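Please read the structure below before turning to the comments.
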Number of protein chains: 2
Amino acid sequence: MRRMTARPANAHQARLLKLLRDGGPNSRAQLGDQIDLSRSKLAVEVDRLLETGLAVADGLAASRGGRRSHNIRLNPELRFLGVDIGATSVDVAVTNAELEILGHLNQPMDVREGPVAVFEQVLSMAAKLRATGLAEGFDGAGIGVPGPVRFPEGVPVAPPIMPGWDGFPVREALSQELGCPVMVDNDVNLMAMGERHAGVARSVGDFLCVKIGTGIGCGIVAGGDVHRGVTGSAGDIGHIQAVPEGRPCACGNRGCLEAHFSGAALARDAVEAAEQGLSEELAARLAANGTLTAVDVAAAAAAGDATALALIREGGNRVGQVIAALVSFFNPGLVVIGGGVTGLGHTLLAAIRTQVYRQSLPLATGNLPIVLGELGPTAGVIGAARLISDHLFSPA
Amino acid sequence: MRRMTARPANAHQARLLKLLRDGGPNSRAQLGDQIDLSRSKLAVEVDRLLETGLAVADGLAASRGGRRSHNIRLNPELRFLGVDIGATSVDVAVTNAELEILGHLNQPMDVREGPVAVFEQVLSMAAKLRATGLAEGFDGAGIGVPGPVRFPEGVPVAPPIMPGWDGFPVREALSQELGCPVMVDNDVNLMAMGERHAGVARSVGDFLCVKIGTGIGCGIVAGGDVHRGVTGSAGDIGHIQAVPEGRPCACGNRGCLEAHFSGAALARDAVEAAEQGLSEELAARLAANGTLTAVDVAAAAAAGDATALALIREGGNRVGQVIAALVSFFNPGLVVIGGGVTGLGHTLLAAIRTQVYRQSLPLATGNLPIVLGELGPTAGVIGAARLISDHLFSPA
DNA sequence: CCCTCTTTGTCCTGTGAGTGGGAAAAGTTG
DNA sequence: CAACTTTTCCCACTCACAGGACAAAGAGGG
């Protein structure tokens, strides 16, 4: 099949495509209810979408008391690729035009191997997904990278944890390789977009999405749009000082949040506790695997291990303290916690909530839910698909 | 003269009005260069503005090499009222449609006296300005209050420092009294809008405006728009914890930024230092006036008093630490420092800069000016006038 | 099964916004 | 005074869109 090359010709068509994407198949009449257009104009625009192949007819809709309407849906053969490059692993997924995940692969991998090696991996994963018959090609791809991105150009800038990526033309290179349009963004921003599209943040216009993985970052959504800042580094909260004169951090300062709590810091603390004999549970796991991760700490905590619980609580307090400051500043309507350490679950959440509710003013916290992300590892790839579909479903 | 009641009938007219407001008198041809409309259409819309009296003809423009053009300007009889209610004083100013200040009054006053007493004062100041012949009436008024505001309704909500104002229908009451449209916002947001309209932040789309007066607040401008948060309390950074287990604050917590550095805290510290005999300069001023304010500290510092300088530096460090966190989070293109304590000048600025440049990542601080506000006490009233003019110069 | 009512889809025309060209008016420059 | 510019006014033409008329298709009642 030839890939779709059409783009909406005007704002109406773009609007219709987004309605179909977010609301699934719809009858012409239902579309008419949601959009402010005369029936004649609507019919013309829908016909154009059918002509260009962006949408297709899909049988008859149920009757609403009169003549039955024809259903319209986005072309079911459209395929988006969502790529979420984390610090230690890559997620690649294929979605249809409604951003439903049709296939999803995850592989451990170190970003520090550099863009060339990583993209080789990504492309082979994409090829594997294609080989299963899920897709014959891709109409667009969204890529998330764990660092700041100059958004318009799709180029990482000065990424602390991924040297070698600085200035690498990710967007252009992948667009060339995949033969389709590509958009690049920070992985945390994509997670926020994912949760907003299909997760807990559906229909919330102002919220924060804190991702605690190997590092810590924060997606900022203001007025429905992602705020990226002037250099694309907005949300980079890992190096906010959480502890005056605290631990040294890789960035050269002391007391950075990331140095005190993150997947990496937690693992280090756990190993230390195990070696000092503070926790049998952790020691046993260390002996078994030779190493510890956040998952081990979560398991130990679930088993009631006091040391593990204390580690989580202390970390939660640190993060909560920073989030409390951000809540006072930003006054969001929701805070979503996501990333690798969400396995720590309720213990972590409780510690964070305690800090935030205690330290921020009642007006800001009064009706502020602080919840775990709903989509887990798929948030990033869904957000990536959403990014490119937003781009492609806008007037050219 | 009857007040203008016309409003722009469409987006083109609104656009033209804003061009005339921000760019001053302009010829039709110059307007044509700035707006994407055919000459014929432009002529029609300009004529309508002239008909409704929103704009007037204003002589001939200089020739650009051919026939001379007629100048168009906003009706010079339009008057906006800008009101900036601070914790301890009120500013009231009259502007023309181009937001130039024609008259400005300032009076000490305590907000805690409640809305009725304050508005009596404001109305009498407005009447005084009117009596000078500057205005025969007002076409709109913008009001800034020192606390969170539910923006669409123009009602203060749960303002910590102004009990008695909670839920008071400021917008409606003043609209009734003044007989013109009124908009209400947080005073810090208005300061940000003022600096953006006519001060250092001209043409900066993403910046923070930190106002250090009796308390501390922060105006947030993202993508050219003020971010107010879901409950209108965004930017309320005075109660972010700056010192773990620090001084008790009126809010019930400990270590709030505001408890450690603000006009009020600085005055308290200065008195304490004077009484302990740490500073002759401050002691002399205390003896002379019976009290000390930020102005005294500034004067003492200017005279080289070591204690005063130390107080300023320490305060600057505290604020700088918080701003550093906000810079990491928000990634602004500019930070403006304003409010009553700007008299502390370079010493304060240097302390803040040091902290921010040290604690935030280079990508965020690389090209980040941190400067004093340019407009001083007029920022608030200009912002207020801007607020109402933005409202009135939008399609109805 | 027939009749009426409702909903959906199509066609057609009127309207108003907006564009673009040309001519007249009003300048400047040499 | 002639040649050239710029502004302004006027007019015809295009285009998007609304809204009504009408046909098609189905539901439901007698």
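These figures come from a predicted structure and were not determined experimentally. Below, read A as the first sequence line, B as the second, and so on, with proteins coming before strands; counting in each chain starts at 1.
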request  = Flag yes if more than 12 heavy atoms outside A:Gln176 fall under 6.0 Å of its CD atom; otherwise flag no.
outcome  =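 Open.
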inquiry  = With a sphere of 6.0 Å drawn around CG of B:Asn367, does it hold more than 12 non-hydrogen atoms of other residues, nucleotides or ligands?
reply    =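 Not buried by this count: 12 neighbours or fewer within 6.0 Å.
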Could you check whether [X] pairs with [Y] (Lys NZ or Arg NE/NH1/NH2 to Asp/Glu carboxylate O, under 4.0 Å)?
X	Y	answer
A:Asp36	A:Lys41	no
B:Asp390	B:Arg21	yes
B:Arg196	B:Asp225	no

Rounding to a whole Å, what distance do you find between [X]:[atom1] and [N]:[atom2]?
X	N	atom1	atom2	result
A:Ile72	C:dT8	CD1	P	13 Å
B:Glu45	C:dG18	CD	P	7 Å
A:Lys41	C:dC11	NZ	P	16 Å
B:Leu37	C:dA17	CG	P	13 Å
A:Leu31	C:dT8	CG	P	12 Å
A:Leu42	C:dT7	CG	C1'	15 Å

task = Using side chain to side chain contact (heavy atoms under 4.5 Å, CB included) as the criterion, point out the one residue from B:Asn96, B:Asp58, B:Val56 that pairs with B:Pro76.
result = B:Val56
query = Of all nucleotides in DNA chain D with an atom under 4.0 Å from a non-hydrogen atom of chain B, which is the first and which the last going 5' to 3'?
reply = D:dT5 to D:dC10
task = For B:Ala29, report the nucleic acid contact type (base, sugar-phosphate, nothing); a contact means any heavy atom under 4.0 Å.
result = sugar-phosphate
query = Do the side chains of B:Lys18 and B:Ser394 get nearer than 4.5 Å, heavy atoms only?
reply = yes
query = Donor-acceptor pair, B:Asn331 side chain versus A:Thr231 backbone, under 3.5 Å?
reply =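 Yes; at least one donor-acceptor contact below 3.5 Å.
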remark   = A correct 5'-to-3' footprint of nucleotides 20-30 of chain C, with B, S and - meaning base, sugar-phosphate only and no protein heavy atom under 4.0 Å, is BBB--BBSS--
